[in-house]
Amino acid sequence: MLYLTEYRNRLSQDSYEETLREMEELAETATDPVEKAIWHSLLAESYATYLVQNQWQLTRMRDLAGEVPEGIREWSSNLFFNKIKEYILESLKDFLLLMRTDAKSWSPVIEKGESSRYFANDMYHLLSQRAISTLENIRYTAEILSLQTRLSIEDAFADPEKFQHLDITPVGKYNAEALIIQLYQQAWAFYKEADNPAVQVLTDLSRIAHFQRFYPILWREDDEGSNGASLYIATLHKLIEEYGQVTPVTAEVYLEKATFLSNSGKREEALAVVREALKRYPKYNRITALEI
């Protein structure tokens, strides 16, 4: 199996369609289910990249129905969305096997810098995060075409148990956000059942960081002077309190908190967070990332 970076380089050239077809053939003929899942993940990402790069033309086309044209240059947006969703779901369908597969064993075929903190975990975690990243990349395009699911500030930063049971009904046919939320719900439920606190905390951290990035309305102050920024910090603090003595991976929560405070101009508070994390987890493998 070739490095995924090699296929990404080829996809940036004129042979985009030809390379996609070759990748689909490799996915179809792969006998190892984990390798197949990786190919499906890359295919979802590749179709999403094409959609975003060509969104100006594609968002002005009428949706096609019936027989799908062979060449993607003739496709409309709905065909790309359908294909992206199909490959994302295919990449995660063997979740029990993926959860039993160490991600480190597949690191040679995935970019070294890609989701590096997830290589300490399993392939389901890595591929579910790649799926969410792919959907985040097409979210702006999806918003042009269709309404997106919007959670209240309380639901966005709710505790995991409450969040897991939110009823998410897609409000539009290009609803990337609804699928992102459902993937977070599914992942957290799986890892709770598996009693894997390290991945639980990373999954929840990723979830609340997603809302921090993509819900700018959350940062408007309400009549009582409270806003999403203060609630975000409070939610990170809850994660630290819940998991701090359970798993050293909680250092990632400290990192997110320190980075957010630093970017908000609260450098002294950020440095205090860094010092606390360094004292608490001096041997954590990514502890040097806490240097701000």
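Keep in mind that what you see is a predicted model, and the values were worked out from it rather than measured.
Two rings, from Tyr184 and Phe163, have their centers 6.0 Å or more apart.
In this structure, the side chain of Lys36 engages the main chain of Glu28 through a donor-acceptor pair within 3.5 Å. Side-chain atoms of Ser133 never come within 3.5 Å of backbone atoms of Gln129 as a donor-acceptor pair (strictly under, hydrogens ignored). With hydrogens and angles disregarded, no donor-acceptor distance shorter than 3.5 Å links the side chain of Ser206 to the backbone of Leu202.
When every heavy atom of Ala103 is checked against every heavy atom of Met123, the shortest pair comes out as CA-SD, 3.6 Å. Listed here is the closest heavy atom pair of Ala176 and Gln148: N-OE1, 3.0 Å. Considering every non-hydrogen atom in both Ser262 and Arg267, the closest pair reads OG-NH1, 3.6 Å. Across all their heavy atoms, Ile138 and Ala48 have their closest contact at CG2-CB, 3.4 Å. Between Ile84 and Thr134, the closest heavy-atom pair is CG2-CG2, 4.2 Å. Annotation for Gly244 and Tyr281: closest pair O-OH, 2.6 Å, computed over non-hydrogen atoms.
Here the OG1-CD distance, from Thr203 to Gln186, works out to 11.0 Å after rounding to the nearest 0.5 Å. Rounding to the nearest 0.5 Å places CD1 of Ile240 at 7.5 Å from CZ of Arg280. Distance check, rounded to the nearest 0.5 Å: OH of Tyr243 to CD of Glu252 gives 15.0 Å. With rounding to the nearest 0.5 angstrom, the OG atom of Ser46 is 9.5 Å from the CD atom of Glu24. With values rounded to the nearest 0.5 angstrom, Asp63 atom CG is found 13.5 Å from Trp75 atom CH2. Considering CG of Leu231 and CG of Leu236, their distance stands at 9.5 Å, rounded to 0.5 Å.
In this structure the side chain of Pro160 never reaches within 4.5 angstrom of the side chain of Gln200, judged on heavy atoms. Here the side chains of Asn175 and Phe81 are not in contact, with every heavy-atom distance at 4.5 Å or above. Residues Gln212 and Ile208 are not in side-chain contact: their nearest non-hydrogen atoms beyond the backbone lie 4.5 Å or more apart. For the pair Leu43/Leu20, a side-chain contact is recorded, criterion being any heavy-atom separation below 4.5 Å from C-beta on. Residues Tyr47 and Ile72 form a side-chain contact, since some pair of their non-hydrogen atoms from C-beta on lies under 4.5 Å apart. In this structure, the side chains of Phe190 and Val199 stay at 4.5 Å or more apart for every pair of heavy atoms. The shortest side-chain heavy-atom distance between Val249 and Tyr284 falls under the 4.5 Å cut-off. Contact annotation: the side chain of Glu35 never approaches that of Ile38 to less than 4.5 Å [non-hydrogen atoms, C-beta and beyond].
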* To do: Report the C-alpha separation of Glu17 and Tyr50 in whole Å, then their side-chain angles, then the decisive distance to 0.1 Å, and conclude whether the side-chain hydrogen bond (donor to acceptor under 3.5 Å, both in side chains) test is met.
  => CA-CA 10 Å; Glu17 284 193 60; Tyr50 188 94; 5.6 Å; no
* Asked: When you look at Glu136 and Arg139, which way does the salt bridge (Lys or Arg N to Asp or Glu O under 4.0 Å) test go after all the steps?
  -> CA-CA 5 Å; Glu136 287 179 340; Arg139 196 176 177 284; over 6 Å; no
* To do: Could you give me the CA-CA distance, side-chain angles and deciding distance for Val201 and Leu239, then say whether side chain to side chain contact (heavy atoms under 4.5 Å, CB included) is met?
  => CA-CA 7 Å; Val201 69; Leu239 276 179; 4.3 Å; yes
* To do: Could you go through the side chain to side chain contact (heavy atoms under 4.5 Å, CB included) check for Ser128 and Leu183 one step at a time?
  => CA-CA 7 Å; Ser128 66; Leu183 289 175; 5.8 Å; no
* Pair Asn82-Glu86, side chain to side chain contact (heavy atoms under 4.5 Å, CB included): steps then yes or no -> CA-CA 6 Å; Asn82 292 343; Glu86 173 191 339; over 6 Å; no
* Given the rule in the side chain to side chain contact (heavy atoms under 4.5 Å, CB included) test, do Asn78 and Tyr174 qualify, once you have shown the distances and angles that lead to the verdict? -> CA-CA 7 Å; Asn78 63 309; Tyr174 300 106; 3.4 Å; yes
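Put simply, Leu79 and Met61 are part of the same group of oily side chains (I, L, V, M, F, W, Y) that touch within less than 4.5 Å, one to the next. Both Leu58 and Val68 are members of a single hydrophobic cluster when ILVMFWY side chains are connected at heavy-atom separations under 4.5 Å. Residues Leu135 and Tyr140 do not share a hydrophobic cluster, defined by chaining ILVMFWY side chains whose heavy atoms lie under 4.5 Å apart. Under the 4.5 Å side-chain heavy-atom criterion for Ile, Leu, Val, Met, Phe, Trp and Tyr, Val246 and Leu205 are members of distinct hydrophobic clusters. Leu64 and Ile144 are not part of a single hydrophobic cluster, where members link through side-chain heavy atoms under 4.5 Å apart.
The residues Glu256 and Arg213 are annotated as not salt-bridged, no charged nitrogen and carboxylate oxygen being separated by less than 4.0 angstrom. Using a 4.0 Å cut-off between charged side-chain N and carboxylate O, Glu18 and Arg21 make no salt bridge. Taking the charged nitrogens against the carboxylate oxygens, Glu161 and Lys192 do have a contact shorter than 4.0 Å, which makes a salt bridge. No salt bridge links Glu241 with Lys238; every basic N to acidic carboxylate O contact stays at or beyond 4.0 Å.
Ring geometry for Phe157 against Tyr232 counts as tilted: the plane angle lies between 30° and 60°, on a 0 to 90° scale.
Tested against Asp155, the residues Arg207, Lys162, Arg150 include a single salt bridge (charged side-chain N to carboxylate O under 4.0 Å, His left out) partner, Lys162. Tested against Tyr191, the residues Asp204, Asp122, Asn196 include a single side chain to side chain donor-acceptor pair (under 3.5 Å) partner, Asp122.
For Arg60, the CZ atom counts as densely surrounded, since its 6.0 Å shell holds more than 12 non-hydrogen atoms of other residues, nucleotides or ligands.
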